[in-house]
Engineer: 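For reference, the structure I am asking about is given below.
Side chains included, hydrogens not; waters and symmetry mates left out as well; all remaining heavy atoms used.
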Amino acid sequence: MFLVLALGLGIHALSISKDWMQLVPVVTKQYWFITVYFALCLISPFLNKLVEVLDKEMYKKLLITSIVLFCILPTFAVILNFKTITLDSGYGLVNFVFLYLMGRYIRLHNRFELSKYKYLGLYIVCMSIMAAFQICYSKLLGFDFDALISYDTFFTFVGSVGLFMYFRELSFSNTMINQLAKPCLAVYVIHLNPLIFHYIFDDILHTKAYSGYSYVTFLLVAPLVIYLACAVIELCRNKAVLLLIKQ
């Protein structure tokens, strides 16, 4: 569908040697997250067996070692400009496995009974320190430095754990939120398709034209517009499929 759309809009030239990958997007990593997520799903039974074998102390040592190798070292790597072990900024299978094991540890062995607001505070503090450091470091270097937002840095890791634990402590039910959450995967697939991604953000939204306060406004408005637009597209697709099935 995206290939036909891109060809119809004139934003893509047909290339058989490359376009065949659109037919098998998971295997060819057209969407990095989905590819890595599917790989994690395939190996998760083996990871679960590993968790069953490890006692709590050994499990803790595994996580500490992983934090050093895949969070602390990468943080120094981006600051001091040397290569990390994984070379993928945390967007690969290694980091996903590490986070999976961390999640399992929290589920099995976490005994902290902290207020959800303390977890939220941990997230805010981590993000504030990261932002302040990047601003100061950018002035020191003489160019914009934002590499600490990578998925394998210490600030991102600790902040994400804090945010996860905050939502874990929440208990609510909202029909509207549940309905809006349904098309989230479709929204990701639609607006981040490699054939139309640049067309959406460069030609339609003109993201590079914003700066200062207008950029802040854009960041507040654009995600909502994109999500709702893609959700409507997914809704129409579902309706069309149902009509075809009935016929």
Engineer: Taking atom CZ of F197 as the centre, report whether more than 12 heavy atoms of other residues, nucleotides or ligands fall under 6.0 Å from it.
Structural biologist: yes
Engineer: Work out which heavy atom in Y59 is nearest to a heavy atom in L101; give both atom names and the distance.
Structural biologist: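 Between these two residues, the closest heavy atoms are OH-O, 2.6 Å.
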Engineer: For N48 and Y100: C-alpha separation, side-chain torsions, deciding distance, then whether side chain to side chain contact (heavy atoms under 4.5 Å, CB included) applies.
Structural biologist: CA-CA 10 Å; N48 292 335; Y100 182 85; 2.7 Å; yes
Engineer: Using the rule that two of Ile, Leu, Val, Met, Phe, Trp, Tyr join whenever any of their side-chain heavy atoms come within less than 4.5 Å, decide whether V68 and V161 are in one cluster.
Structural biologist: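 Per the 4.5 Å side-chain linkage, V68 and V161 are co-clustered.
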Engineer: Roughly how far apart are D146 CG and I135 CD1, rounded to 0.5 Å?
Structural biologist: 11.5 Å
Engineer: Please determine whether residues L192 and M21 belong to a single hydrophobic cluster, defined as Ile, Leu, Val, Met, Phe, Trp and Tyr linked transitively by side-chain heavy-atom distances below 4.5 Å.
Structural biologist: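 In one cluster: no.
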Engineer: Got more than 12 heavy atoms from elsewhere within 6.0 Å of CG, N238?
Structural biologist: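 Yes - once you tally the heavy atoms of other residues, nucleotides and ligands closer than 6.0 Å, there are more than 12.
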Engineer: Would a single hydrophobic cluster contain both F164 and V158, if residues Ile, Leu, Val, Met, Phe, Trp and Tyr are joined by side-chain heavy-atom contacts under 4.5 Å?
Structural biologist: yes
Engineer: Is it the case that the side chain of H109 and the backbone of I106 share a donor-acceptor pair, with hydrogens and angles ignored and the cut-off at 3.5 Å?
Structural biologist: no
Engineer: Mind telling me whether H191 and F201 have parallel, tilted or perpendicular rings, with 30° and 60° as the class edges?
Structural biologist: tilted
Engineer: Measuring from atom CG of L114 to atom OH of Y119, what distance do you get when rounded to the nearest 0.5 angstrom?
Structural biologist: 4.0 Å
Engineer: More than 12 non-hydrogen atoms from neighbouring residues, nucleotides or ligands closer than 6.0 Å to OH on Y123, yes or no?
Structural biologist: no
Engineer: Where do L122 and M165 land on the side chain to side chain contact (heavy atoms under 4.5 Å, CB included) test, with the steps shown first?
Structural biologist: CA-CA 10 Å; L122 175 64; M165 294 300 293; over 6 Å; no
Engineer: Could you tell me if the side chain of S115 sits less than 4.5 Å from the side chain of E169, heavy atoms only?
Structural biologist: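 The answer is no, as the side chains (C-beta and beyond) never meet within the 4.5 Å cut-off.
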Engineer: Return yes if some donor-acceptor pair links the side-chain N/O of T75 with the main-chain N/O of C71 below 3.5 Å, else return no.
Structural biologist: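 Side chain of T75 to backbone of C71, a donor-acceptor pair under 3.5 Å: yes, one is there.
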Engineer: When rounded to the nearest 0.5 angstrom, what distance separates NZ in K18 from CG in L195?
Structural biologist: 11.0 Å
Engineer: I need the minimum non-hydrogen distance between D152 and P74, along with the two atoms involved.
Structural biologist: O-CB, 3.3 Å
Engineer: Is it the case that over 12 heavy atoms from other parts of the model lie below 6.0 angstrom from the OH atom of Y37?
Structural biologist: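 Counting neighbours around OH of Y37, 12 or fewer heavy atoms of other residues, nucleotides or ligands fall under 6.0 Å, so no.
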Engineer: Between L148 and T156, is the side chain to side chain contact (heavy atoms under 4.5 Å, CB included) condition met? List the steps.
Structural biologist: CA-CA 7 Å; L148 287 180; T156 302; 5.9 Å; no
Engineer: Would F155 end up clustered with L140 when hydrophobic side chains under 4.5 Å apart are linked, directly or stepwise?
Structural biologist: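 The answer is yes; both residues are in one hydrophobic cluster.
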Engineer: Can you measure from CZ (R104) to CG (N110) and round to the nearest 0.5 angstrom?
Structural biologist: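 Going from the CZ atom of R104 to the CG atom of N110 covers 14.0 Å.
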Engineer: If we only count heavy atoms from C-beta on, is the V94 to L69 side-chain gap below 4.5 Å?
Structural biologist: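 In short, these two side chains do not touch, never coming nearer than 4.5 Å.
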Engineer: Does N81, at its CG atom, have more than 12 non-hydrogen atoms belonging to other residues, nucleotides or ligands within less than 6.0 Å?
Structural biologist: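 Atom CG in N81 is not packed in, count stays at 12 or less.
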Engineer: Indicate, with yes or no, if L54 and I64 share a hydrophobic cluster defined by side-chain heavy-atom contacts under 4.5 Å among Ile, Leu, Val, Met, Phe, Trp and Tyr.
Structural biologist: no
Engineer: Are any side-chain N or O atoms of N193 and backbone N or O atoms of V189, one a donor and one an acceptor, separated by less than 3.5 Å?
Structural biologist: no
Engineer: Parallel, tilted or perpendicular for Y31 and Y188, by the 30°/60° rule?
Structural biologist: tilted
Engineer: For the residue pair G159 and M127, what are the closest heavy atoms and their distance?
Structural biologist: CA-CE, 4.0 Å
Engineer: Which heavy atom of P183 sits nearest a heavy atom of L180, and at what distance?
Structural biologist: CD-O, 3.1 Å
Engineer: How are the rings of F154 and F157 set to each other: parallel, tilted or perpendicular (split at 30° and 60°)?
Structural biologist: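 Rings of F154 and F157: tilted, 30 to 60°.
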Engineer: Do the side chain of T35 and the main chain of V26 share a donor and acceptor less than 3.5 angstrom apart?
Structural biologist: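 Yes; at least one donor-acceptor contact below 3.5 Å.
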Engineer: So does I124 get a backbone contact from the side chain of S128, meaning a donor-acceptor N/O pair under 3.5 Å?
Structural biologist: yes
Engineer: Is there a side chain to side chain contact (heavy atoms under 4.5 Å, CB included) between Y105 and V51 once you walk through the steps?
Structural biologist: CA-CA 8 Å; Y105 183 87; V51 170; over 6 Å; no
Engineer: Less than 4.5 Å apart, any side-chain heavy atom of L219 and any of Y210?
Structural biologist: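 No, every pair of side-chain atoms sits at 4.5 Å or beyond.
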Engineer: Hey, which of Y91, F38, F96 is the one that makes ring pair (Phe, Tyr, Trp, His ring centres under 6.0 Å) with F33?
Structural biologist: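 The ring pair (Phe, Tyr, Trp, His ring centres under 6.0 Å) with F33 is passed solely by F96 among Y91, F38, F96.
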Engineer: Donor-acceptor pair, Y227 side chain versus V187 backbone, under 3.5 Å?
Structural biologist: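 Pair absent, no side-chain N/O of Y227 close to backbone of V187.
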Engineer: In terms of relative ring orientation, are Y151 and W32 parallel, tilted or perpendicular, with 30° and 60° separating the classes?
Structural biologist: perpendicular
Engineer: So do L228 and V232 actually touch side chain to side chain, heavy atoms under 4.5 Å?
Structural biologist: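 No - every pair of side-chain heavy atoms lies 4.5 Å or more apart.
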Engineer: Can you check whether H12 reaches D19 side chain to side chain, under 4.5 Å on heavy atoms?
Structural biologist: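 H12 vs D19: side chains touch.
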Engineer: Any chance you could measure L40, atom CG, to N95, atom CG, to the nearest 0.5 Å?
Structural biologist: 11.0 Å
Engineer: Look at atom OH of Y213 and say whether more than 12 heavy atoms of other residues, nucleotides or ligands are closer to it than 6.0 Å.
Structural biologist: no
Engineer: If we only count heavy atoms from C-beta on, is the V78 to T153 side-chain gap below 4.5 Å?
Structural biologist: yes
Engineer: Rounded at 0.5 Å granularity, tell me how far NZ in K60 sits from CG in D55.
Structural biologist: 10.5 Å
Engineer: Looking at every heavy atom in both I190 and E234, which two are closest together, and how far apart are they?
Structural biologist: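 So the minimum-distance heavy-atom pair works out to CD1-N, 4.4 Å.
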Engineer: Within a strict 4.5 Å, meaning less than it, do heavy atoms of the D88 and L93 side chains meet?
Structural biologist: no
Engineer: Can you give me the closest heavy-atom contact between L87 and T84, atom names plus distance?
Structural biologist: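 Minimum heavy-atom separation between L87 and T84: N-OG1, 2.9 Å.
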